[in-house]
Amino acid sequence: MRTEEVLAAIATGLWRWDNAAGTVTLDAEAARLLGLPPEPGSYRESAVRSRFHPVDWNEIYGVVNLAVAEGSLAEARLRIVDERGQVLRTVRSRSKPVFRTGEDADSEAYVLYGTLQEVAEPQPGATDAAHTPITGDWRRSREAFLLDAGRALAEARSTAEVLRVAGSLSMPGFSPDGLAVFGSAGERLTIIGHHGHSMGDEEPFTDMPLDTDYPAAEVVRTGRAIYLPSPEEYRRRYPATWPLARRFGRQSWAFLPLVSSGRTMGAWMAGFQHPVGFSPDERAVLSTVARMLAQALARAGVAETERELSLGLQRSMMPTLGPEIPGMTVAARYVPTGGGLQVGGDWYDMIPLPNGRIALVIGDVQGHDVRAAGLMGQLRIALRAYASEGHRPDAVLSRVSRFLSGLTDAYESVEGDAEPSAPRFATCLYAEVDPEAGTLDIARAGHPDPVVISADGTAVIRQTAGGLPLGIETDSDYPTTRVVLEPGETIMLCTDGLIETGGHDMATGWTRLRPVLEKPVEDLEQLADALVQAVHGPTSHYTTGPLADRREDDIAVLVLRRESAPAPEAAPRRSVLTIAQAEPERISVGRQLVRELLHDWSDPEQVDSAVLMVSEMATNVLVHTDGDALMVAEISGEQGRRRLRVEVADASDELPHKRRPGEMASSGRGLVLMEMLADAWGVDPRGEGKSIWFELYESDEPGVS
């Protein structure tokens, strides 16, 4: 008996679908099941398609595409309708795609070989986990899930966000409890990220050779999905790595390739705590999610690479402020635009000059693209070179303007476009700062004027003379304006992005910034942050300063403050006197010097005590040594809280000793007096000789020390 007869006996028909030719070949039983004349024949695809319910045709089309992509079996239930659209029967289709071979074969051409078998519709309440018919509710849930998943993954900006979104997906009817995303590096399997696992669970799967008998490694090698509906199936197919998976206690696993631009970039594992039969519909959902996940990871990888490149380029182009300016404080911010690479044409700089002064520079090259960033970098180098030669501000800008004119001409000749773009120009403000005098000599090339904030908080636009933007004319004049910063005053330099962002012009932009500039702040860093936040709202991430998610134009800001002069401390009063052995009368001179030094001391009794102790110390030197006495008296501190320190030094190494003189004794009372009258005293040996000293502390209340 022939195969066709055996199949006909069990009401099973054969079909052959050639997608390249657009024809379907049916045997007699398949034709009968489709409501066609019960005889073998070849039909156009449209004739066969008309026999399927329209909804089910769309379903079988997706299932077949999935089988083609995975090289697996396509299986689905289909309703057969007559010419009037009435359902005749339900059939089960099982088919296998076979790709054409040969030199003339299309790389995507295949032939689908399959069977058709009539099945009974399930009774109400009956379930078939492996082959549940598609219902409108399940389809709507699936479509809504895929729309939400696609939107969420499309909005993810980093690999971490993609993994977080993937972990939060709730698939209709069969949500996984654990996810892992694998990548490949050379011949090794790597873990990109995971969800639903504990820290350290990924260790056995990290840096695994690709030839390991592990499902994810096989998926990366072959690019084909692997479905493991039960632990027994996992153990049978992958006995070597089954012990690694067994400890997680899962019942089903799906490993799907992550394909981007035709290349398998990794694998996605979805693990389930409950058994999953992986019906064609479930496989279709998983496959669709895997494709979206691969695209999201590829986008995130490109975005992260661009972000790292742009941040590195930005860090290399933007200076750090330094060295410190004596008597002044400076702060700066650079904020690139929100789109594309995080670099642009705005910049600021701080340049030490040969004359000991400092140059502050802020500028804006036309455009926000890579070329603008390149021109900005070259302008910075030229400005630093001309400034370092010692040229005045007007001469620096004139030379830079000629440099930029030649540079943009060179760009146009190199690019060789059929319709070359207009030459680029740049605005710039160059200020030579004299920290000691508090002056700024400013030359301006089409740039916004600076703003001066007085010590009382009033912000005023400081009008300065200026010339054309750099690069407009080869010979341009840039007059210089001198601005004097008084102690406590601040000057703010910025590019137009700070003023005109958000649809503002120069006038309304300044009106928006004025309250920020006039709000008292002690720290210039806070002022720089407040200026950026006034334009872009709350901060979201940082480069050289706070950034926001969406920006219209680059921003550069420089703020410089001349510090207020500190209140001068009372200069120490100091008197020095040498008393020689042959001039004992100079002891009285020493007493008089101490009285004059303490002329405004608050406690007269302390003055008398100091005079008495000085007399005793000097006399002891002349009596008990052979050398001269050197007296040093010094008052330091604020009025009412001062300190008097008196030292009498001599060249003798013999230290004094405190004695207890009798009532009639004529000596031996010096150290006893110091112990009674001084707030502190002591004897300090020196390399040659010694020093005897005492201290008195002034009090606001006379008689209290």
Side-chain angles (χ1 to χ4, degrees), residues 487 564-661 665-705:
S564 300
E569 287 189 10
R573 300 180 194 173
R574 196 164 186 263
S575 291
V576 180
L577 177 67
T578 300
I579 304 174
Q581 282 281 340
E583 299 177 319
E585 67 274 7
R586 289 183 66 83
I587 293 177
S588 64
V589 176
R591 291 195 295 263
Q592 185 60 32
L593 282 177
V594 171
R595 285 195 180 277
E596 291 178 357
L597 201 63
L598 298 174
H599 72 277
D600 58 351
W601 199 264
S602 61
D603 189 349
E605 291 184 4
Q606 284 188 317
V607 175
D608 293 338
S609 298
V611 170
L612 178 58
M613 287 187 286
V614 165
S615 181
E616 284 289 333
M617 292 163 62
T619 301
N620 282 339
V621 172
L622 297 184
V623 171
H624 298 291
T625 71
D626 297 329
D628 300 335
L630 176 65
M631 185 191 76
V632 179
E634 183 179 271
I635 296 177
S636 60
E638 298 180 359
Q639 181 79 29
R641 290 288 185 270
R642 291 175 291 182
R643 182 193 70 171
L644 168 68
R645 182 181 177 92
V646 179
E647 296 184 14
V648 176
D650 62 73
S652 173
D653 294 329
E654 184 179 351
L655 299 180
H657 300 282
K658 185 171 68 172
R659 294 181 290 172
R660 296 187 179 277
S666 60
S667 63
R669 294 184 176 85
L671 296 185
V672 175
L673 286 173
M674 292 176 63
E675 189 174 60
M676 294 173 57
L677 302 176
D679 291 317
W681 69 278
V683 179
D684 295 336
R686 295 183 174 179
E688 293 182 358
K690 63 182 178 297
S691 170
I692 304 174
W693 59 270
F694 72 85
E695 292 181 352
L696 292 177
Y697 306 140
E698 185 180 28
S699 172
D700 289 333
E701 300 179 12
V704 179
S705 62

- Item | side chain to side chain donor-acceptor pair (under 3.5 Å) contacts touching residues 577-590 (sequence neighbours left out) |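 Checked against side chain to side chain donor-acceptor pair (under 3.5 Å) - neighbours excluded - no pair reaches residues 577-590.
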Which heavy-atom pair separates [X] from [Y] by the least distance, and what is that distance?
{"X": "Trp601", "Y": "Tyr697", "value": "CZ2-C, 4.0 Å"}
{"X": "Ala678", "Y": "Leu696", "value": "CA-CD2, 3.8 Å"}
{"X": "Ser564", "Y": "Pro487", "value": "CA-CB, 3.9 Å"}
{"X": "Leu622", "Y": "Ala580", "value": "CD2-O, 3.7 Å"}
{"X": "Arg591", "Y": "Ser615", "value": "NH1-OG, 3.0 Å"}

Nearest-0.5 Å distance, [atom1] of residue [X] to [atom2] of residue [Y]:
{"X": "Met617", "Y": "Phe694", "atom1": "CE", "atom2": "CZ", "value": "6.0 Å"}
{"X": "Arg574", "Y": "Glu634", "atom1": "CZ", "atom2": "CD", "value": "5.5 Å"}
{"X": "Glu647", "Y": "Asp684", "atom1": "CD", "atom2": "CG", "value": "7.0 Å"}
{"X": "Arg595", "Y": "Leu593", "atom1": "CZ", "atom2": "CG", "value": "12.0 Å"}
{"X": "Asp650", "Y": "Lys690", "atom1": "CG", "atom2": "NZ", "value": "3.5 Å"}
{"X": "Asn620", "Y": "Ser652", "atom1": "CG", "atom2": "OG", "value": "11.5 Å"}

- So, the side chain of Glu695 versus the backbone of Arg645: is there a donor-acceptor pair under 3.5 Å, distance only?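 It does not hold such a pair.
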- Message: Do Met631 and Val614 make a side-chain contact, defined as non-hydrogen atoms from C-beta onward lying under 4.5 Å apart?
- Response: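 Result yes, sub-4.5 Å side-chain heavy-atom pair found.
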- Query: Any side-chain heavy atom of Asp679 within less than 4.5 Å of one from Arg643?
  - Reply: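 No, side chains not in contact.
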- Message: Asp600: which residues meet the salt bridge (charged side-chain N to carboxylate O under 4.0 Å, His left out) condition with it, sequence neighbours left out?
- Response: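 Asp600 satisfies salt bridge (charged side-chain N to carboxylate O under 4.0 Å, His left out) with Arg573, Arg642 only.
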- Task: Tell me, with the steps shown, if Met674 and Ile692 meet side chain to side chain contact (heavy atoms under 4.5 Å, CB included).
- Result: CA-CA 10 Å; Met674 292 176 63; Ile692 304 174; 3.8 Å; yes
- Message: Determine whether Val646 and Met613 satisfy the following criterion, side chain to side chain contact (heavy atoms under 4.5 Å, CB included), listing intermediate values before the conclusion.
- Response: CA-CA 9 Å; Val646 179; Met613 287 187 286; over 6 Å; no
- Task: Could you walk me through whether Val621 and Val648 pass the side chain to side chain contact (heavy atoms under 4.5 Å, CB included) test, one step at a time?
- Result: CA-CA 8 Å; Val621 172; Val648 176; 3.8 Å; yes
